[in-house]
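The structure appears right after this line, and notes come after that.
Just so it is clear, the values below take in all heavy atoms, side chains as well, and ignore hydrogens, waters and symmetry mates. Numbering of ligands and ligand atoms starts at 1, following listing order.
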Amino acid sequence: MLTVLVSNIKGGVGKTTISTHLAAAFATAGHRTILAEMDRQKSASGWLKRRSEKAAPIEGRDWTKQVGDVPDGPGRLVIDVPAAMKPKDVEDLVKLADLVVLPLLPGAFDEAATERYLKRLDELKSIRKNKVPVAIIGNRLRPRTKAADRLDQFLEGVGHQVVTRLRDSQLYPDLAAEGLALFDLTSKRALDIKADWVPLLSFIDKVA
Ligand SMILES: Nc1ncnc2c1ncn2[C@@H]1O[C@H](COP(=O)(O)OP(=O)(O)O)[C@@H](O)[C@H]1O
Ligand SMILES: [Mg+2]
């Protein structure tokens, strides 16, 4: 199973939003999809509980007490982690992963903590050798703003590039409340915002 680890040292940057969206994108594309919950706050599993039975099916796994196994066979596994994980735990999870998706918020990216976290990831051999690529996502950004430019500059300085930028939209919290994601919708508004996800989904397809 292609395993995607969604991780950042910080809270509130969009990890669960991205995990649930990737799971919905994979499920609606017809993949067997598992969403593994590692956060004791259980936001991802709460979302899954609210999800209608009519929506594309996603299997939930509770990994809050213990990391489970990655099932054999085709399909996709998304791991939603809490903020502030111990370095050793991150290292163990990276061993399971085929890629890491790392969301950043404007204003957070220039902080030393993010830089330290990226450096720590880069110290892992599998990441350094690009066996496990890191997809950085600028979240809640508006294009052609100073914040977007600063993100690019910051990442260039630490040897990374942003794969895509997700715009700030009220649809994200609204959909989360219903156990849904943009990929479950076909409205014009949803289609428009879904375009932000195309570079990330093609990045993941290339890894797969
Ligand atoms: N692109 C976005 N536009 C608007 N709101 C967003 C966006 N991404 C995340 N949010 C909101 O920000 C809050 C934190 O996001 P969440 O995914 O729970 O972060 P984390 O899992 O990293 O703590 C949630 O209320 C979520 O709905
Ligand atoms: Mg979360």
Side-chain angles (χ1 to χ4, degrees), residues 3-26 34-51 58 60-65 67 77-86 89-90 93-94 97 99-111 113-114 116-118 120-121 134-145 147-148 150-152 162-185 187 189-201:
T3 303
V4 184
L5 177 68
V6 183
S7 162
N8 186 312
I9 195 81
K10 292 185 163 283
V13 292
K15 292 183 297 296
T16 300
T17 303
I18 290 174
S19 301
T20 52
H21 268 74
L22 287 179
F26 300 153
I34 299 178
L35 180 57
E37 171 71 88
M38 290 199 61
D39 192 345
R40 278 159 212 257
Q41 291 183 13
K42 300 206 173 182
S43 333
S45 24
W47 175 84
L48 203 49
K49 267 194 201 138
R50 295 190 293 277
R51 189 168 174 80
I58 298 167
R61 293 281 188 281
D62 185 349
W63 286 14
T64 51
K65 293 197 181 73
V67 175
L77 169 69
V78 182
I79 310 173
D80 186 29
V81 307
M85 285 202 43
K86 291 194 202 99
D89 294 343
V90 174
L93 283 173
V94 168
L99 82 147
V100 176
V101 173
L102 196 150
L104 291 179
L105 281 187
F109 45 75
D110 56 349
E111 284 176 25
T114 302
R116 274 201 304 274
Y117 187 62
L118 276 170
R120 204 190 285 152
L121 282 178
V134 179
I136 296 185
I137 312 302
N139 191 19
R140 310 190 74 161
L141 278 166
R142 274 176 293 152
R144 293 176 298 278
T145 55
R150 274 204 357 245
L151 174 65
D152 290 344
V162 57
V163 168
T164 194
R165 299 188 179 86
L166 304 179
R167 76 193 75 178
D168 193 274
S169 164
Q170 183 58 37
L171 256 188
Y172 287 109
D174 289 352
L175 287 168
E178 295 187 57
L180 292 172
L182 290 168
F183 301 99
D184 298 304
L185 307 183
S187 65
R189 185 173 170 218
L191 278 176
D192 194 32
I193 306 175
K194 261 194 268 186
D196 296 349
W197 290 81
V198 172
L200 176 59
L201 294 173

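- Of all non-hydrogen atoms in Tyr172 and Arg167, the two that sit nearest each other are CE1-O, 3.6 Å.
- Among all heavy-atom pairs drawn from Asn139 and Gly14, the shortest one is ND2-CA, 3.6 Å.
- When non-hydrogen atoms are compared, ligand 1 lies under 4.0 Å from neither the backbone nor the side chain of Gln170.
- The two residues Met38 and Ile79 make their nearest non-hydrogen contact at SD-CG2, 3.7 Å.
- Of the heavy atoms in Asn139, only side-chain atoms (C-beta onward) come closer than 4.0 Å to ligand 1.
- Among His21, Gln41, Arg140, the residue whose heavy atom lies closest to atom 5 (N) of ligand 1 is Arg140.
- The distance cut-off of 2.8 Å around the Mg ion (ligand 2) captures these protein N, O or S atoms, sorted by chain and number: Thr16 OG1.
- Within ligand 1, counting atoms from 1 as listed, the ones closer than 4.0 Å to a heavy atom of Val13 are 19 (O), 20 (P), 22 (O).
- Checked by atom type and distance alone, the side chain of Arg61 never pairs as donor or acceptor with a backbone atom of Ala36 at under 3.5 Å.
- Listed by first and then second residue, the salt bridge (Lys or Arg N to Asp or Glu O under 4.0 Å) pairs involving residues 35-45 are Lys42-Asp62 (not counting sequence neighbours).
- The shortest heavy-atom distance from Ser43 to ligand 1 is not under 4.0 Å.
- Residue contacts with ligand 1: Asp80 is placed with no nitrogen or oxygen under 3.5 Å of a nitrogen or oxygen of the ligand (distance criterion only).
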